[in-house]
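Working notes for the structure below.
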2 protein chains.
Amino acid sequence: MKDARLGEFEEIILLLVGILEDKAYTLRIAEEFETQTGKSVSIGATHSTLDRLCKKGLLKSELSEPTAVRGGRRKRIFSISASGERALLASRDLRTSLWDQYPAFSKLSLNI
Amino acid sequence: MKDARLGEFEEIILLLVGILEDKAYTLRIAEEFETQTGKSVSIGATHSTLDRLCKKGLLKSELSEPTAVRGGRRKRIFSISASGERALLASRDLRTSLWDQYPAFSKLSLNI
DNA sequence: CATATTATTTCTACATTGTAGAACAAATCT
DNA sequence: AGATTTGTTCTACAATGTAGAAATAATATG
């Protein structure tokens with residue numbers, strides 16, 4: 001499997017899935033995106049990204065059992081696959097490495 | 001000026017410019033990208049991204065004086081603008097915040 | 001000083017990601 | 001059964017990511 005690129009929005013969505021755990025379904029993820037970033041996003045944008053992430057093998061999904069809440073279709077719950085976690089780690093490593101080398105940032109990072 | 005989105009590749013290129021300082025010109029940036037990420041990239045890809053970053057106002061550029069080296073056209077040296085630095089900081093803040101909330105990562109981050 | 005050579009930029013074109021909204025489906029309540 | 005609610009999936013288009021060739025400008029050397 002080739003090392004597919006991981007876009008900016010894709011990465012954030014991936015992280016959001018990891019954070020939401022068993023609550024990670026499309027609608028909730030879109031909501032969480034808005035609260036965490038302060039920017040709005042459509043369901044469609046969220047869905048197609050989630051979908052691509054699955055096709056790349058970075059995410060897996062399964063349908064949940066119906067809940068006790070009023071109505072509603074069954075949720076599709078997403079979770080991070082092993083290779084998704086690897087991609088996230090690789091991205092973090094690259095970024096922290098670059099930040100450390102950027103003078104304007106490395107100064108601020110000395111507060112340990 | 002609207003808050004233009006900052007793609008993944010764009011962000012890395014921006015950081016590379018900050019790291020290379022007065023050596024930040026297209027060819028050198030492309031080289032540095034390869035050594036830092038281990039992935040190859042074309043000049044064209046690097047150039048058009050640099051160009052977009054300028055148009056978004058995140059980067060500025062100026063032609064350098066000719067050097068004492070054999071031949072070659074004058075270099076266009078890039079540098080990060082104030083709003084570029086702000087964009088980078090905002091991106092870093094969002095990421096570190098999300099990483100801290102992602103259980104698989106926050107465990108690993110306790111080694112202070 | 002004309003020309004070969006080299007370093008670097010710029011142009012053109014296409015693939016992949018980012019983005020939105022409407023249509024559709026399946027639960028539960030009355 | 002029909003209305004209502006929660007959620008998913010489809011279709012289409014804009015922005016970002018990517019490559020390679022062509023153009024340009026500087027120096028060295030015969």
Side-chain angles (χ1 to χ4, degrees), chain A residues 2-14 16-17 20 22-34 37 39-56 58-59 61-78 87 91, chain B residues 2-14 16-17 20 22-34 37 39-56 58-59 61-78 87 91:
Chain A
K2 305 191 64 176
D3 242 35
R5 184 171 268 294
L6 186 62
E8 192 238 356
F9 186 56
E10 286 180 334
E11 186 175 351
I12 292 176
I13 292 295
L14 202 50
L16 253 17
V17 168
L20 287 169
D22 57 310
K23 288 161 200 105
Y25 63 96
T26 312
L27 227 47
R28 188 74 166 69
I29 293 168
E31 260 176 43
E32 193 68 15
F33 179 90
E34 304 201 337
T37 68
K39 293 169 191 168
S40 70
V41 71
S42 72
I43 300 298
T46 308
H47 173 73
S48 52
T49 298
L50 250 7
D51 209 48
R52 274 185 210 128
L53 254 11
C54 283
K55 277 176 188 145
K56 288 186 189 174
L58 304 181
L59 229 44
S61 79
E62 62 180 327
L63 288 174
S64 72
E65 289 308 303
T67 59
V69 184
R70 169 69 201 241
R73 200 166 170 171
R74 291 164 69 187
K75 297 172 177 63
R76 177 170 294 283
I77 304 291
F78 296 88
S91 169
Chain B
K2 304 191 66 173
D3 243 34
R5 184 171 270 296
L6 187 60
E8 194 239 356
F9 186 55
E10 287 180 332
E11 186 174 354
I12 292 176
I13 292 296
L14 203 50
L16 254 17
V17 168
L20 287 169
D22 57 310
K23 288 160 200 106
Y25 63 96
T26 314
L27 227 48
R28 187 74 168 67
I29 293 167
E31 260 175 45
E32 192 70 14
F33 180 90
E34 303 200 339
T37 68
K39 292 170 189 166
S40 70
V41 72
S42 72
I43 300 295
T46 307
H47 174 73
S48 53
T49 299
L50 248 7
D51 209 48
R52 268 183 215 131
L53 254 11
C54 282
K55 277 175 188 147
K56 287 185 188 176
L58 305 181
L59 228 45
S61 81
E62 61 180 327
L63 288 175
S64 71
E65 288 310 301
T67 60
V69 184
R70 169 65 199 239
R73 201 168 171 169
R74 292 165 70 184
K75 298 173 177 66
R76 177 170 294 284
I77 304 291
F78 295 88
S91 169

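Naming convention: chains lettered A, B, ... in sequence-line order (proteins, then strands); numbering from 1 in each chain. Remember, predicted model here, so these are calculated numbers, not experimental data.
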What is the distance, to the nearest angstrom, from the CG atom on Asp51(A) to the P atom on dT8(D)? 12 Å
Salt bridge (Lys or Arg N to Asp or Glu O under 4.0 Å) with Glu32(B): which residues, sequence neighbours excluded? Arg28(B)
Any Lys39(A) side-chain heavy atom under 4.5 Å of Phe33(A) side chain: yes
Measure from CZ on Arg28(B) to P on dT9(C) and round the result to the nearest Å. 12 Å
Non-hydrogen atoms of Ser61(B) and Arg76(B) that approach each other most closely: OG-NH1, 2.9 Å
Going by side chain to side chain contact (heavy atoms under 4.5 Å, CB included), name the residues that satisfy it together with Ile77(A), two or more places apart in sequence or in a different chain. Tyr25(A), Ser64(A), Lys75(A)
Quick one: Phe9(B) CZ to dA19(D) P, roughly how many Å, whole number? 8 Å
Residues which pass salt bridge (Lys or Arg N to Asp or Glu O under 4.0 Å) with Glu11(A), listed by chain and number, not counting sequence neighbours: Arg95(A), Arg95(B)
Gap between atom CZ of Phe78(B) and atom CG of Leu53(B) - 0.5 Å precision: 9.0 Å
Per the atom types in the model, does the base of dG18(C) pair as donor or acceptor with the side chain of Arg52(A) at under 3.5 Å? yes
What is the distance, rounded to the nearest whole Å, between atom NZ of Lys39(B) and atom P of dG17(D)? 13 Å
Taking atom P of dA7(C) as reference, at what distance in whole Å does atom NZ of Lys23(B) sit? 18 Å
Using the side-chain heavy atoms of Lys75(B), tell me which of these nucleotides is nearest: dG18(C), dT9(C), dT8(D). dT9(C)
Can you measure Leu59(B) atom CG to dT9(C) atom P for me and round it to whole angstrom units? 13 Å
Lys56(B) side chain N/O closer than 4.0 Å to the phosphate oxygens (OP1, OP2) of dT16(D)? yes
Round to the nearest Å and state the distance from Glu11(A) atom CD to dG18(C) atom C1'. 15 Å
Could you list, one pair per line, each protein nitrogen or oxygen that sits under 3.5 Å from a nitrogen or oxygen of nucleotides 21-24 of chain C, together with the distance?
none

Could you list the donor-acceptor pairs under 3.5 angstrom formed between side-chain atoms of residues 41-52 of chain A and any protein atom two or more places apart in sequence or on another chain?
residue	atom	partner	partner atom	Å
Ser42(A)	OG	Ala45(A)	N	3.0
Thr46(A)	OG1	Ser42(A)	O	3.0
Ser48(A)	OG	Gly44(A)	O	3.1
Ser48(A)	OG	Ala45(A)	O	3.4
Thr49(A)	OG1	Ala45(A)	O	2.9
Asp51(A)	OD2	Lys55(A)	NZ	3.3

Nearest-nucleotide check on DNA chain C, Phe33(A) vs Arg74(A); residue mapping nearer the 5' end is Phe33(A)
From dT19(C), dA27(C), dT17(C), pick the nucleotide closest to the side chain of Arg5(A)? dT17(C)
Once you apply a heavy-atom cut-off of 4.0 Å, does Thr46(A) come out as touching a base, just sugar-phosphate, or nothing? nothing
Between Thr26(A) and Ser48(A), name the one whose nearest nucleotide on DNA chain D is closer to the 5' end. Thr26(A)
Once you round it to whole Å, what is the distance between C1' of dG18(C) and CG of Leu14(A)? 16 Å
